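The next block holds one structure in the form of structure tokens; read it before the comments.
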Amino acid sequence: MQDYLNELNPAQREAVVNINGPVLVIAGAGSGKTRVLTYRIAHLLEKGVKAYKILSLTFTNKAAKEMKERIATIIGAEKAASLWMGTFHSVFSKILRIEAESLGYPKNFTIYDAADTKSIIKNIIKELNLDDQKYKPNGVYARISNAKNNLITAPAYEANKQARFNDDQSGTPEIYRIYKIYSQRCKKSGAMDFDDLLLQTNILFKNHPKVLAKYQAKFDYILVDEYQDTNFSQYLIVKKMAEVHKNLCVVGDDAQSIYSFRGAKIENILNFKKDYKNFKMFKLEQNYRSTQNIVDAANSIIKKNKNQIPKAVFSKNEEGNKINVIESLTDNEEGFAIATRIFDSVYTDHTEYKDHAILYRTNAQSRVFEESLRKRNIPYKIYGGLSFYQRKEIKDLLAYYKLVVNKQDDESLKRIINYPKRGIGQTTVDRLAEYAREKDLSIWDAIINIPTSNINLNSGALNKIYGFAEMINEFTAKLYTTEAYNLAKEIASTSGITHDLFKDKAPEGVVRHENVQELLNGIMEFSTNNENEETTVSLDMYLEDVSLLTNQDNEKEEDLNKVILMTIHSSKGLEFKNVYLVGVEEKLFPGERSANSTSELEEERRLFYVAVTRAEKDLVVSYARQRYKWGQLHDCIPSRFIKDIDPSYVDFNVKEQDDTLFPTEREKPQTKKDYINKFAQNRTKKKEQKGTAPQARIGSAGKKLIKATTNTTTSQNTAIDNKDVKVGIRVEHGRFGYGKVLQIDGEFPNVKATIEFRNHGVKQLLLKFAKLKVVE
DNA sequence: TGCGTGCTTCTTTTT
DNA sequence: GAAGCACGCA
């Protein structure tokens, strides 16, 4: 174990052995940051520091888990287990549970995710009768979140002249009221949202110096990873915690700060020297990941940013190939080109699928590549997107668990009071909620205290509500006597969820049933991992954990040999042999709104830098000349970032377009059956994800029908009038309205579809675009 | 009470 | 291209 220091370069070694006092480690991309962090912890332990005296904060659960595993291999699993290691959110939610009562929250407070938060805000906007054109849930949420991350509580916001002025200016003067009501509602529900976990920690430390002192004393050594992505709230927590011992080591790279939209302040890392006098700074500048060409090219990009800590990242790896810039006519062609390259690489150079990663700016871009990869039978995996925990059936079941643990949780109660259907209608729930609001009670307390005369509900409805409440009570009674998995299973079946899903024999129903089983398996796994002789694992312990998990944490450790698709943001910290950076166009990357602001543009450029530095060996940068957005074709121009790269590292592969190279059709020839299947599959997929099938878009009797024939049909909102599957039709450029496919003939792409349209404006459009021939 | 339809809106990025 | 919402029809 002594030898580990020899594995490090001088800068890394300094960063590991200087354990006392404030330390700033600037870790360039691919410079062995994780290695330094793990070895530093190992070194601390070797120097006699107790594991439970070390607090290590990371940005993602996954990073924490990985680091823990790596440390375990060095120092042993037992010691590693008593380290405090996790994301800010998970570590401080643990602390908040311990200290909850001094803040007036229950220990078993619920954690609201973004969806919960948005739904509450939406309701408040509605209740206040505010103009929903001005007050958009997303926007309001962003304001509130921003306020919280800057430690501005609801009362402080109300009194904050600047904030109020800004709101007045932007025509949303009532935000402070929404914020106030939202906060009250969370408090009443015994719930915290993501931002609260940090805000309340700050409040705790501010109002309860003894508590702060306790944790200051507890942690002799604090390490923070990805420091450039901390927000003000996190920054202050760290500052306070480290105030006494001052043994704080922050690691980060200002050039990779890409989360300002979430409140991250690059200033935190830039100003470290101001906050911590006598700090030591170590720069890890040797890149072990990428070829010289890629490192040099990346340097030439980031050089364009003013706001940064100077550093000289270099590589001693082979020189490598130049960056390939390729141009395509359309987004579809781009997909085709990338898929072809991957295909060739795998079959001629014998690379593996998993060596290839396609990175894009927005999730929506994944679709084209999915299609083109599928057509070539290339296996792929998309990361991000809809999380397992966002699925309807999972959220439903978790809502039961949350309610059983915390009855004040109105959001969960509303979600499940009539699921599975037990005859408690919307009107009933609304009246209940209104009554609760009037009496300033949670809905649950309102149910318990209903004086029947005071509420406009008939006895039938009331009985159903009581039945529901009784069921929940019975579950709660078992909370600490029954082991988590058993109780979870019991709730799933007694509530009727399992049965409700089981009786659904359609493929999507089966999948949902399987998902529920998977969740239960997860609970079982959690139980076995956490049980010991003294305590059985109870359901609330599981809930603590699950609320902060994300899609990435649920990934199975299968040895996947698949092409990887993800956003640049989620690629941070990862590396791939071959990277395809796609959609590098103005208005997309950098995005439209970044163009006017220097700081936003710099952040986009850092994002570009992050993408480039993911590549170990080969990098392809790709853009299209035309791209569909919201069903319409737009002209695109190459991103300014491409010009930012020093041309000596780039191979511009933008040759005269050879139209014969790329087939003009959007699909490979398919049989009619394939065509129908594809739509059916899409529909199934949507249904799996959302729990409900997409709305069918189909004409009905009573309106004028037009029959038309087209040779290119794609659909909106899925499928064809094949048995029970109905469809909306979209034709070539733009949306013509919805119709019903009466008949499909021929092979793709020369499919002839006879469609009934019912949209009155359609006929003109049909005539205008000669592609369609009006039959009647 | 549920479902189909027409219209509107949405796109950054995620703990 | 996809999804949410309100309205209107059974």
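It should be emphasised that the depicted structure is a prediction, and the values quoted were computed from it without experimental measurement. Just so it is clear: chains get the letters A, B, ... in the order the sequence lines come, proteins before strands, and each one is counted from 1.
- For A:Lys629, the listed nucleotide lying nearest its side chain is B:dT11; candidates were B:dT11, C:dC5, B:dT14.
- Spacing between atom CZ of A:Phe59 and atom C1' of B:dT13 amounts to 11 Å, rounded to whole angstrom units.
- Taking atom NZ of residue A:Lys118 and atom P of nucleotide C:dA3, one finds them 15 Å apart after rounding to whole Å.
- As a whole-Å value, the separation of A:Lys136 NZ from C:dG4 C1' is 13 Å.
- Among the nucleotides B:dT13, C:dC5, B:dT15, the one closest to any side-chain atom of A:Thr87 is B:dT15.
- Contact between A:Asn231 and A:Arg262 at its shortest, heavy atoms only, is ND2-O, 4.1 Å.
- When all heavy atoms of A:Asp196 and A:Leu96 are compared, the pair lying nearest together is O-CD1, 4.4 Å.
- Legend: ring pair (Phe, Tyr, Trp, His ring centres under 6.0 Å) pairs involving residues 582-614 of chain A, not counting sequence neighbours, sorted by first then second residue: A:Phe589-A:Phe608, A:Phe589-A:Phe641, A:Phe608-A:Phe641.
- Whole-Å rounding puts the A:Lys572 NZ to B:dT15 P distance at 11 Å.
- A ring-centre distance under 6.0 Å is not found for A:Phe59 and A:His89.
- Ranking B:dT11, B:dT14, B:dC10 by closeness to the A:Asn138 side chain, first place goes to B:dT11.
- For the pair A:Ile266 CD1 and B:dT13 P, the interatomic distance rounds to 21 Å; values are reported in whole Å.
- Proximity note for A:Lys122 (side chain, C-beta onward) versus C:dC5, B:dT11, B:dT15: the nearest is C:dC5.
- Proximity note for A:Phe261 (side chain, C-beta onward) versus C:dG4, B:dT14, C:dA2: the nearest is B:dT14.
- With rounding to whole Å, A:Leu198 atom CG is found 9 Å from B:dT15 atom C1'.
- Where stacking is scored as ring centres under 5.5 Å apart with planes under 30°, A:Phe194 does not register as stacked on the base of B:dT15.
- Between B:dT11, B:dT13, C:dG4, one nucleotide has an atom nearer to the side chain of A:Arg593 than all others, and that is B:dT11.
- Across all strands shown, A:Lys587 has no heavy atoms under 4.0 Å from either base or sugar-phosphate atoms.
- The A:Thr60 side chain lies nearest to B:dT15 when the options are B:dT14, B:dT15, C:dG4.
- At whole-Å resolution of the value, CG in A:Asn418 and C1' in B:dT1 are 11 Å apart.
- Stacking of A:Arg422 on the aromatic ring of A:Phe468 is not recorded, the 6.0 Å distance cut-off and the 45° axial limit not both being met.
- Using a 4.0 Å heavy-atom cutoff across all strands shown, A:Tyr259 reaches sugar-phosphate atoms only and no base atom.
- Atom CG of A:Asp196 is separated from atom C1' of B:dT15 by 14 Å (rounded to the nearest Å).
- Distance from the side chain of A:Arg262 is smallest to B:dT15 among C:dA6, C:dA2, B:dT15.
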